[in-house]
Amino acid sequence: MTESLGLRERKKRQTRSLISDVASSLFMQRGFDNVTVAEVAEAAGVSTKTVFNYFPRKEDLFLDRYPEAVELVTRAVRERAEGESPLAALRRLFLDMLREGHPLGGIAPGYEVFWQVILDSPALRARARELVEEFEGVLAGLFAEAAGSEPADPAPRLAAALVVAAYRAVYITNIDRIRAGDPMQDVIADRAIQLDRALRAVESAVAAF
């Protein structure tokens, strides 16, 4: 029974990945707003209903790694080493992903096309903002859980907001540099330094709160 469930889960993940990969390819070729969900379904060899079973919103076909991001930060905070703060655990996670070239690391060759698709679509930009707000809420919940805080305690919310702001500031700076023509490897090298510095500043600010 366990093996059967494992096989079903693997097939579901494969189908989800296939749909997302096909959708992303079409969006990057033709633009997000110029591709319909029906066209994605046809290209992926599935029904439109199947697409919506995996991705309730069209925008999530392109921003499909959000659930993975939530899973990674949740595991990093909850499974952190003894004596390690939640913020230190997140800093380690973000820097490890960057060094490993993880798709969620933020910067990698070819990302310019990904960013341009988002910039060209008001719907994608709006959804991205929503996901950032949701992510901030996830972080606030994790910080409150780690600290055993009361619901009314503003410290976890402040920490979450500062983490998101710091990450976003570094990210936008990196995007601007790449779009201006700076060598990718230089931006990646500087990103590690900037991200480490920004998140350490957040730790100091939260500790002083």
Side-chain angles (χ1 to χ4, degrees), residues 55-100 102-108 111 114-115 118-119 121-179 187-209:
F55 301 95
R57 297 176 60 164
K58 178 187 173 185
E59 292 80 9
D60 295 339
L61 283 162
F62 198 63
L63 303 171
D64 63 304
R65 288 189 176 272
Y66 176 73
E68 181 183 358
V70 171
E71 180 181 343
L72 286 171
V73 299
T74 299
R75 186 184 309 136
V77 172
R78 289 180 176 169
E79 299 178 7
R80 66 191 185 279
E82 184 176 353
E84 185 178 38
S85 72
L87 287 170
L90 286 180
R91 186 178 73 249
R92 176 168 51 81
L93 170 67
F94 294 155
L95 292 175
D96 283 349
M97 288 196 299
L98 180 61
R99 282 190 289 266
E100 295 166 3
H102 191 285
L104 287 170
I107 300 292
Y111 271 34
F114 176 83
W115 300 325
I118 295 176
L119 291 173
S121 171
L124 275 177
R125 294 201 305 272
R127 181 58 176 152
R129 287 192 294 270
E130 288 178 356
L131 291 178
V132 168
E133 291 179 3
E134 289 180 24
F135 191 72
E136 184 176 315
V138 169
L139 290 180
L142 288 170
F143 294 156
E145 176 186 290
S149 300
E150 295 294 329
D153 188 349
R157 295 180 183 178
L158 172 63
L162 290 175
V163 168
V164 169
Y167 192 93
R168 184 175 183 274
V170 174
Y171 189 77
I172 291 176
T173 298
N174 297 156
I175 292 175
D176 288 344
R177 286 185 58 189
I178 291 172
R179 288 170 62 84
V187 176
I188 291 176
D190 291 344
R191 176 176 172 78
I193 296 171
Q194 294 165 353
L195 193 54
D196 180 68
R197 183 181 301 148
L199 293 175
R200 288 183 184 278
V202 170
E203 288 184 78
S204 298
V206 172
F209 178 70

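The chain is numbered in sequence order, starting from 1.
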Quick check: closest heavy atoms across P156 and D153, and the distance to 0.1 Å?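 Closest approach of P156 to D153: CD-O, 3.3 Å.
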Of the non-hydrogen atoms in V202 and A166, which two are nearest, and what is the gap between them?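 Result for this residue pair: CG2-CB, 3.8 Å.
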Sub-3.5 Å donor-acceptor pair from the side chain of R127 to the main-chain atoms of K58, do we have one? no
Side chain R157, main chain P154, donor-acceptor under 3.5 Å: no
Partners passing side chain to side chain donor-acceptor pair (under 3.5 Å) against E84 (at least two apart in sequence or in another chain): R92
Sequence neighbours excluded, the answer for side chain to side chain donor-acceptor pair (under 3.5 Å) partners of E59 is none
Would you call E130 and R57 a salt bridge, taking side-chain N to carboxylate O under 4.0 Å as the test? yes
Looking at D96 and R99, is there a salt bridge between them, counting it only when a charged N and a carboxylate O are closer than 4.0 Å?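 Answer for the salt bridge query: yes.
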Just wondering, do D64 and F55 contact through their side chains at under 4.5 Å, heavy atoms?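 In contact.
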Between Y66 and V132, is the side-chain contact (heavy atoms from CB on, under 4.5 Å) condition met? List the steps. CA-CA 9 Å; Y66 176 73; V132 168; over 6 Å; no
Derivation of the salt bridge (Lys or Arg N to Asp or Glu O under 4.0 Å) call for R129 and E133: CA-CA 6 Å; R129 287 192 294 270; E133 291 179 3; over 6 Å; no
Anything under 30° is parallel, anything over 60° is perpendicular, the rest tilted; go ahead and classify W115 against Y171.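 Judged by the thresholds at 30° and 60°, the geometry between W115 and Y171 is perpendicular.
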Of all residues at least two apart in sequence or in a different chain, which pass the ring-ring contact (aromatic ring centres under 6.0 Å, His included) check with F94? Y167
